[in-house]
Amino acid sequence: MFTRISRPFFSRPTLDVARAVMGMRLVRLEGETRLAGVITEAEAYIGESDLGCHAKAGLTPRTAVMYGPPGHAYVYFTYGMHWMLNFVTEAEGFPAAVLIRAIQPTEGLEIVAARRKGRPSAEWANGPGKICQSLGIDRALNGHDLCAPEAVLFVENGDPIPDSSVTIGPRVGLNSVPEPWKSVPWRFRVTQGIGDQG
DNA sequence: AGCACGATTAACT
DNA sequence: GTTAATCGTGCTC
C-alpha cells in the first residue's frame, strides 16, 4: 500500500526533495472524493540568493510560508489567473520550496476531465497551473500542512524512478532572471515509463 | 497611489 | 512563432 510522506522527507536539501518526489503520488481529498496523480516534473527554488526564487525579496507576506517549517504547501497566484503548488523544504527559517510542475492523474479522473473539459488526457495536468486547476488547489491551501493527519493535500510513496528515466535541466519560465540562476539545472522530470513528456 | 511584471496557458498567425 | 488574458505583489514616488 501507499504510505504518506512525513516531515523529515521535506526537511532536506531542496534538490534532493525535487529528485525524490519523482514517481510519488500527489493526493487531494475533497470530502469523500480522492484525486491523485503521479508526480513527473518538479523544480527547486532555494533561498534568498536564488534570484529565480520569490524569496529573493526576503520575508514578505507572500514568501512567509517558505520561511516556515518544511512539509507545508506554498501556493501562489501569478499571471492574474494561475495558481502554483510548491512543497516547502529545508529547515524552518531557510526559504526554499519545490514547484510541482506536472503529474499524471491516476484517481478522480472523471472530475479531472470535467475541470479540464475538452482537452486530451495528456494535457490534464502537464503544467503547474493545470495541476492546480484539475485538483482544485488555490489560495485556501496556502500554508496547508502536508504532514498533518487531517491534511486534505499530501504526498504518498510511489514506485521509485531510476536515474536513467529522469532528465535534469534548467528551470522553465525564468526569462528575465540573471545568470547563473536562469540556467542552473534544478528541474527534474520523468522522461521514460511514466508520463508522456519528452 | 501608481506602476511594471510574473515559477502560465490557450488561442492565434 | 506571437500574444492576450488578468490581478497580486513588491517597489517607487
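To find a chain, count down the sequence lines: A is the first, B the second, and so on, and within it residues start at 1.
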Between A:L174 and A:R119, which residue's closest nucleotide on DNA chain B lies nearer the 5′ terminus? A:L174
Nearest-nucleotide wise, let me know which of A:T78 and A:T60 is further upstream toward the 5' end of DNA chain C. A:T78
Once you round it to whole Å, what is the distance between [atom2] of [N] and [atom1] of [X]?
{"X": "A:Y76", "N": "C:dC7", "atom1": "OH", "atom2": "C1'", "result": "15 Å"}
{"X": "A:Y79", "N": "C:dA4", "atom1": "OH", "atom2": "C1'", "result": "13 Å"}
{"X": "A:K182", "N": "B:dG6", "atom1": "NZ", "atom2": "P", "result": "11 Å"}
{"X": "A:H54", "N": "B:dT8", "atom1": "NE2", "atom2": "C1'", "result": "12 Å"}
{"X": "A:N142", "N": "C:dT9", "atom1": "CG", "atom2": "C1'", "result": "13 Å"}
{"X": "A:M84", "N": "C:dG8", "atom1": "CE", "atom2": "P", "result": "15 Å"}
{"X": "A:E41", "N": "B:dA7", "atom1": "CD", "atom2": "P", "result": "15 Å"}
{"X": "A:N175", "N": "C:dG1", "atom1": "CG", "atom2": "P", "result": "12 Å"}

Quick one: is [N] close enough that its OP1 or OP2 comes under 4.0 Å of any side-chain N or O from [X]?
{"X": "A:R116", "N": "B:dT9", "value": "no"}
{"X": "A:R139", "N": "C:dT9", "value": "yes"}
{"X": "A:K130", "N": "B:dA10", "value": "yes"}
{"X": "A:R101", "N": "B:dT8", "value": "yes"}

Gap in Å between the two C1' atoms, one belonging to C:dG1 and one to B:dA7, rounded: 22 Å
With both distances under 3.5 angstrom, what nucleotide forms a Watson-Crick or G-U wobble pair with C:dT6? none
Partner of B:dA7 by Watson-Crick or G-U wobble geometry, both contacts under 3.5 Å, or none? none
What is the nucleic acid contact for [X], judged by heavy atoms within less than 4.0 Å: base, sugar-phosphate only, or nothing?
{"X": "A:M81", "value": "base"}
{"X": "A:G52", "value": "base"}
{"X": "A:R62", "value": "sugar-phosphate"}

